[in-house]
There are 2 protein chains.
Amino acid sequence: MTPRLPPMAADETRWLDAAQQANWRAFIVGSTLLMDVLDRELRQAHGVSMAEYEILVRLSETPDRTLRMAQIAESMQHSRSRVTHTVSRMEKAGLISRCAASEDKRGVEAKMTDAGWDLLVAAAHTHVAGVRAHFVDIADPEDYEAMGRVMNAVSDRLVAENPTFDDIRGR
Amino acid sequence: MTPRLPPMAADETRWLDAAQQANWRAFIVGSTLLMDVLDRELRQAHGVSMAEYEILVRLSETPDRTLRMAQIAESMQHSRSRVTHTVSRMEKAGLISRCAASEDKRGVEAKMTDAGWDLLVAAAHTHVAGVRAHFVDIADPEDYEAMGRVMNAVSDRLVAENPTFDDIRGR
DNA sequence: ATCTCAGAGTTGAAAATTCAACTAATTGAC
DNA sequence: GTCAATTAGTTGAATTTTCAACTCTGAGAT
């Protein structure tokens, strides 16, 4: 019926062609460079890392500027341990306050302080300018959207494949 | 002559629109997830990190499986310090040997050992399968190429903007 | 020749992240 | 009700990365 498929053992490697390889390398190097420069800009101008900044953004999007630790971890796809450490530092710096969750006694709610809000407002300018200058504005708009589709597909796939990522990644 | 442009102070922030923002977040979360899973796969199957694996790949591409430390750093856009540390660990693990560069007495040449080669051969299967499964094969081919264009543009821009990245990033 | 400056690489301490083990609270099965 | 399994979060040590300071060599000017 259908033409015979080229023989390929299950364990045989399907290598990337030259273009696929080049684009994969562009992804690694480009994202290294990009994350690096954005992190540096935030640190120099406002003394926060990108991870810390992103946590502030997540908090700012809720009505009461509060999130459970696990929600932060999940939305950023960071390990719970990492979030604990990062939030601890931010609490020490006065950007976040932590208190026990009302309903679930196991839970902890992280709430952005006024100082955290002020920092976010200031840092947002720096960050958005950087994201534009180094990423959004230098890409063809259609290409940028294509990139978004690809990265969404990556997340969807990996998250779906691993219903309980926690076990695998210590989250 | 030309219609007056909408007024915008130099320091006013041009925010991202909803779609741009969503795609930016997809990039951050997706690349976190992707790098994470690939790193984990390599570690579990072969006991090397992605950074170490990438160094082996770079070395394998030269005729004599040798590169100067600075060349490794530049091609991966890692700091020189980071490369020193990583190569030191790999040397301890017997994957790389270091010796003084012949021409330039300041230089150091990193050479992949046979053990390093064997590891690379084995790990390449794992890695390529992962890159396909989690990235290349799940993306529309045109979107994947668009992503490559974007990330190449990012690198080109950042590298060009900073002739001596060394100063800025301690390389 | 010498002097300064730039380049290559290393070092060790500080900061961030991962890893494995842990406590405490909730859920669900019986 | 009770006990096992799950979920939330933390902890501290190990690993990795960054940061700043440092040595040593090479290059260019005078």
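All values below were derived from every heavy atom in this structure, side-chain atoms included, with hydrogens, water molecules and symmetry-related copies excluded. The sequence lines fix the lettering, A, B, ..., with proteins before strands; numbering per chain opens at 1. Just so we're clear, the structure is a prediction, and the values are computed from it rather than from any experiment.
Between the C1' atom of dT17(C) and the CG atom of Leu33(B) lies a distance of 16 Å, rounded to the nearest Å. Look at CE on Met90(A): it is 14 Å from C1' on dA16(C), rounded to the nearest Å. The nearest whole Å value for the distance from the CE atom in Met76(B) to the P atom in dT16(D) is 14 Å. Summarising the geometry, the separation between CE on Met69(B) and C1' on dG9(C) is reported as 7 Å, rounded to the nearest angstrom. Atom pair Arg80(A):CZ and dC19(C):P shows a separation of 16 Å (rounding to whole Å applied). Protein atom CD of Gln71(A) is 16 Å distant from nucleotide atom P of dT7(D), rounded to whole Å. Atoms CD (Gln44(A)) and C1' (dC19(D)) sit 12 Å apart, rounded to a whole Å. Nucleotide dT18(C) holds its C1' atom 17 Å from the CE atom of Met50(B), rounded to whole Å.
Contact between the side-chain N/O atoms of Arg89(A) and the OP1/OP2 oxygens of dA16(C) is found at a separation under 4.0 Å. Taking side-chain N and O atoms only, Arg68(B) has no distance below 4.0 Å to OP1 or OP2 of dG7(C). For dC19(D), one of the phosphate oxygens OP1 or OP2 lies less than 4.0 angstrom from a side-chain nitrogen or oxygen of Arg40(A). Between Arg43(A) and dA16(C) there is a side-chain N or O to OP1 or OP2 distance below 4.0 Å. Checking the phosphate oxygens (OP1, OP2) of dT11(C), no side-chain nitrogen or oxygen of Arg82(B) falls inside 4.0 Å.
The aromatic rings of Tyr144(A) and Phe135(A) lie perpendicular to each other, with more than 60° between the two planes, well past the 30° mark. Ring-plane geometry between His127(B) and Tyr53(B) is classed as tilted, the angle between the planes lying from 30 to 60 degrees on a 0 to 90 degree scale.
Across dT10(C), dG9(D), dT11(C), the shortest atom-to-atom separation from the side chain of Ser81(B) is found for dT11(C). Comparing dA8(C), dT11(C), dT11(D) by their nearest atom to the side chain of His85(A) picks out dT11(D).
By the salt bridge (charged side-chain N to carboxylate O under 4.0 Å, His left out) test, Glu91(B) pairs with Arg98(B), sequence neighbours left out.
A salt bridge links Glu61(B) with Arg25(A); the closest basic N to acidic carboxylate O contact falls under 4.0 Å. By the 4.0 Å N-to-carboxylate-O rule, Arg68(A) lies close enough to Glu103(A) to be salt-bridged with it.
DNA chain C lies under 4.0 Å from at least one heavy atom of each of the following residues of residues 92-111 of chain B: Arg98(B), Arg106(B), Gly107(B), Val108(B). Using a 4.0 Å cut-off on heavy atoms, none of the residues of residues 51-65 of chain B approach DNA chain D.
Counted by atom type alone, His134(A) and Glu41(A) present one or more donor-acceptor pairs between their side chains at under 3.5 Å. Donor-acceptor pairing under 3.5 Å is recorded for the side chains of His46(A) and Thr126(A).
To the nearest 0.5 Å, atom CG of residue Leu33(B) and atom CG of residue Leu158(A) are 4.5 Å apart.
The environment of CG in Asp64(B) is crowded: more than 12 heavy-atom neighbours from other residues, nucleotides or ligands sit within 6.0 Å.
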Quick one: do Trp24(A) and Met151(B) satisfy side chain to side chain contact (heavy atoms under 4.5 Å, CB included)? Show the steps, please. CA-CA 9 Å; Trp24(A) 166 236; Met151(B) 299 316 290; over 6 Å; no

